[in-house]
Amino acid sequence: MRELKIFGVVAFFTLLTYVGIEPYAHGQLHKHVDGNNFVYDGKADIAAASKDKKEVKTAFWADVANISKLKGDVTAGEGTYAMCMGCHMDGAANMGGVIPPVLDHAGSIYDKDYLIALIKDPAMASNVDHKYADTMAHPMGSIKAMVTEPQDIANVVAYMLAKKAGEVTPEEAYVEACGRCHANRYGKLTQIGFVPKTKTNIKTGQDIDALKFKQKVAEEQALVTDYMGKLPPDLSMIIRARGAHFLETLVENPQTQLAGTAMPRVGLTKDGYAKIVTYLEKTGDPSLAARHAMGPWVIGFFVIFTLLAYLWKRSLWRELH
Amino acid sequence: MAHFTKATSVHDWLNQRLAVDTVTRVLATEYWIPKNINFLWAMGMILAVTFGLLIVSGIFLLMYYKPDTALAFDSVNFIIMSEVGYGWLWRHIHGVAASVVFLLIYIHMFTAIYYGSYKKGREMIWITGMILFVAFSAEAFSGYMLPWGQMSYWAGMVITDIFSLGSLQLTGLVEWLRGDYVPGDAYLMRFFMLHVFLLPLVIIAVIVLHFATLRIPHVNNQDGEEIDFDAEAAKYLAGDTKNSKVMRFQSDFLSKDVLVLGFFMIFFFYLTFYHFNFAMDPVNFDPADGLKTPAHIYPEWYFLWSYEILRPFSKDAGLIAFGFAQVIFMLLPFLDRSENVAPANKRGLFGLWFWALLIVCIALTVLGKLPPEGINNTLGSVFAWSFIGLWIALPVITMMEKKSGGNK
């Protein structure tokens with residue numbers, strides 16, 4: 001039929017244009033990075049390291065692998081963990097540029113080998129050692145002097161994996177893993193926690209508590225900015241601003257996507273990362289469920305509309321030919 | 001003064017004062033359309049409906065949008081997308097329709113070129129159509145500024161910079177257009193005004209004019225046949241509807257329009273609910289930041305071809321090529337020197353010219369989005385020159401075209 005042939009031509013050139021622009025040309029704009037499936041073995045770090053650092057890094061990650069083979073003692077680990085609590089507590093203040101994260105769900109969201117590496121040398125583990133002449137200067141660098149024995153490291157990691165591995169909500173995962181640097185204003189989340197509910201004084205029209213909180217946020221942001229070089233972006237809409245591939249490889253190893261970035265690797269497991277994505281989808285693309293619920297009805301309506309239109313047209317055109 | 005009698009019905013009352021029967025007859029029931037057409041003739045109606053969707057969704061968005069550089073991004077991405085009931089639906093309809101409307105315009109344009117519907121009395125249809133294309137382009141660009149994302153800001157920077165006209169360095173003009181040295185509050189407000197008031201007004205006025213230009217020459221048909229509309233209409237009205245070459249706009253042609261519209265709406269809402277990313281660039285979900293230039297700045301897909309004509313050349317030559325691309329389609333009725341009104345495939349070399357133009361435009365579109373490096377630059381030059389060459393060749397090709405004697 002002639003109309004179908006014409007439609008075929010129109011559809012062909014439309015699709016050609018679409019495929020050329022979207023999957024093809026748009027795909028060329030972004031570089032592809034090989035992920036490591038959330039396995040933290042330092043492979044990419046060693047490959048990307050400069051000559052003088054290659055040896056150190058190789059040795060470091062070999063040590064991590066060896067410690068990983070040790071059997072950790074949960075009870076012994078609890079004692080060591082008490083030392084961590086000195087900084088990693090609820091309501092901790094900024095230390096050296098950033099607030100030490102709460103570790104309540106560390107065993108659920110962070111990878112075992114990553115945790116071992118982090119305790120051994122935080123700057124090396126998070127792949128920001130390029131920022132320091134001596135990695136001891138990292139805000140958590142002192143841990144290198146505090147927990148030195150491989151068995152101690154294995155114990156404290158075993159403790160976290162056993163006792164700090166409760167069910168974690170997507171929001172908690174975000175707060176613990178990302179929230180100290182990245183605000184999420186659509187989730188009412190700042191670097192120092194959730195925006196509290198405050199009341200405006202109806203007579204003055206001012207909300208002093210809100211202003212005080214804003215000031216505290218601004219002060220914390222200034223500290224984070226000094227430490228990181230720029231204020232880490234608010235992640236409210238990041239799920240729509242970046243592709244899945246970019247976000248996944250960035251979080252797994254920030255240096256691969258943004259060479260030289262101050263952003264540390266945080267060592268999420270695959271599940272931990274999935275939780276973060278769930279949270280980011282909630283703040284950045286909240287209409288997903290509503291779209292999928294409504295779509296079939298609207299499309300169904302127009303299918304019936306089209307059928308009726310066809311019958312109408314046929315009845316009229318019978319008289320024309 | 002006219003003589004009025006006591007009305008026998010509401011219809012009669014209106015008819016005495018507004019001549020509704022005559023108006024309906026002239027504009028609809030006895031507005032004659034050739035029978036020898038295909039679904040491409042429904043594009044005008046589909047465009048009108050899509051424009052309607054843009055207006056309606058735009059009105060709802062306008063109720064919550066805040067044209068202020070500090071508030072704009074969140075008013076769109078948070079207030080409209082999460083707080084307003086069905087705000088996401090209106091935004092997605094608006095965003096997808098803004099993109100799809102250009103697909104329809106291009107189909108409409110290339111249909112007209114293919115069937116020769118721009119000459120022998122139909123020049124004004126083509127010219128008003130091209131004015132509409134320019135107005136829609138301005139409307140799309142001004143609308144793209146409003147979410148105040150990274151691409152709004154940087155595309156705004158790049159496009160307004162064009163008005164410095166290269167080596168003429170008219171930076172004063174650029175500042176005057178922006179109301180500032182860089183895009184800022186004054187800039188956002190004036191593009192907001194253009195987008196929601198002045199340009200829609202212009203578009204509506206030109207749409208009315210575009211419809212009016214159709215009235216005397218009538219729409220073309222699939223074979224470019226010259227139809228005696230009065231004789232054929234008389235045949236139809238005498239009851240010989242089967243042998244008449246024409247049909248009523250309402251409801252004969254309208255029923256087909258509505259059928260095609262139904263198919264289009266299924267496609268449109270599929271895009272709106274499940275496949276809208278092509279119309280909403282990820283980069284624009286980052287808030288505008290004057291201190292951070294995005295790695296790649298590119299226009300929306302429908303401007304890519306003319307953007308790519310600018311890119312391969314040096315600054316001044318590029319601007320001239322860009323200016324050429326903007327006006328040359330407008331001149332089509334005068335560059336085509338042949339008298340023949342027929343499908344391109346029956347016009348010898350012109351047929352080749354048509355398909356070459358289509359392919360060159362698609363190639364430029366794809367290249368416009370590719371990063372300008374390596375082979376892309378070479379291909380960009382080749383296709384930009386091909387585009388220019390095709391238009392220079394057009395008068396020659398069509399002058400050599402043999403007169404077909406028409407399809408009388």
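Per chain, numbering begins at 1; letters A, B, ... match sequence-line order.
Heavy-atom minimum distance, A/Trp317 versus B/Ser255: NE1-OG, 3.3 Å. Residue A/Asn127 comes nearest to A/Gln255 through the heavy atom pair O-NE2, 3.2 Å, listed as atom of the first residue, atom of the second, then distance. For the pair A/Ser236 and A/Thr283, the tightest heavy-atom approach, listed with the atom from each and the gap, is O-OG1, 3.1 Å.
Residue B/Leu40 touches chain A through its side chain alone, counting heavy-atom pairs closer than 4.5 Å. Using a 4.5 Å cut-off between heavy atoms, B/Ile266 touches chain A through backbone and side chain atoms alike. With a threshold of 4.5 angstrom between heavy atoms, A/Glu22 approaches chain B through side-chain atoms but not through N, CA, C or O. Interface remark: B/Leu364 contributes no atoms to any contact with chain A (heavy atom separation under 4.5 Å). Using a 4.5 Å cut-off between heavy atoms, B/Asn277 touches chain A through its side chain atoms alone. With a threshold of 4.5 angstrom between heavy atoms, B/Tyr298 approaches chain A through side-chain atoms but not through N, CA, C or O. Interface residue B/Asp74: backbone and side-chain heavy atoms are both found under 4.5 Å from chain A. Using a 4.5 Å cut-off between heavy atoms, B/Phe264 does not touch chain A at all. Looking at A/Leu288, neither its backbone nor its side chain comes within 4.5 Å of chain B, counting heavy atoms on both sides.
The distance between the ring centers of B/Trp305 and B/Phe383 does not fall below 6.0 angstrom. Taking the six-membered ring for Trp, B/Trp32 and B/Phe249 have ring centres at least 6.0 Å apart.
Annotation: the span from A/Cys181 atom SG to A/Leu235 atom CG amounts to 10.0 Å, rounded to 0.5 Å.
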Can you give me every donor-acceptor pair (side chain of residues 294-313 of chain A, partner residue at least two apart or in another chain, under 3.5 Å) with its distance?
{"from": "A/Thr306", "atom 1": "OG1", "to": "A/Phe302", "atom 2": "O", "distance (Å)": "2.5"}
{"from": "A/Thr306", "atom 1": "OG1", "to": "B/Gly262", "atom 2": "O", "distance (Å)": "3.3"}

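For A/Asp234, the salt bridge (Lys or Arg N to Asp or Glu O under 4.0 Å) test picks out A/Arg185, with sequence neighbours left out.
Counting non-hydrogen atoms of neighbouring residues, nucleotides and ligands closer than 6.0 angstrom, the NZ atom of A/Lys188 reaches no more than 12 such neighbours. Counting heavy atoms of neighbouring residues, nucleotides and ligands inside a 6.0 Å radius, atom NZ of A/Lys230 exceeds 12 of them. Counting non-hydrogen atoms of neighbouring residues, nucleotides and ligands closer than 6.0 angstrom, the CZ atom of B/Phe276 exceeds 12 such neighbours.
Annotation: maximal heavy-atom pairing with chain B below 4.5 Å, among A/Leu29, A/Leu316, A/Ile21, A/Val10, occurs at A/Leu29. With respect to chain B, the highest number of heavy-atom pairs below 4.5 Å among A/Arg240, A/His26, A/Glu3, A/Arg2 belongs to A/Arg240. For the options B/Leu358, B/Leu367, B/Thr365, B/Val283, heavy-atom pairs under 4.5 Å to chain A are most numerous at B/Leu358.
In this structure, A/Asp285 pairs ionically with A/Arg291, as a charged nitrogen and a carboxylate oxygen lie closer than 4.0 Å. A salt bridge does not link A/Glu219 with A/Lys214: every distance from a Lys NZ or Arg NE/NH1/NH2 to an Asp or Glu carboxylate oxygen is 4.0 Å or more. One finds a salt bridge joining B/Glu232 and B/Lys235 here, because a Lys/Arg side-chain nitrogen approaches an Asp/Glu carboxylate oxygen to under 4.0 Å.
Contact annotation for residues 106-115 of chain B against chain A (heavy-atom separation below 4.5 Å, listed by residue number): B/Ile107, B/Tyr115. Interface residues of residues 86-95 of chain B toward chain A, defined by a heavy-atom distance below 4.5 Å and sorted by number: B/Tyr86, B/Trp88, B/Leu89, B/His92.
For the pair A/Lys131 and A/Tyr227, the distance from NZ or CZ to the six-membered ring centre is under 6.0 Å and the angle to the ring normal is within 45 degrees.
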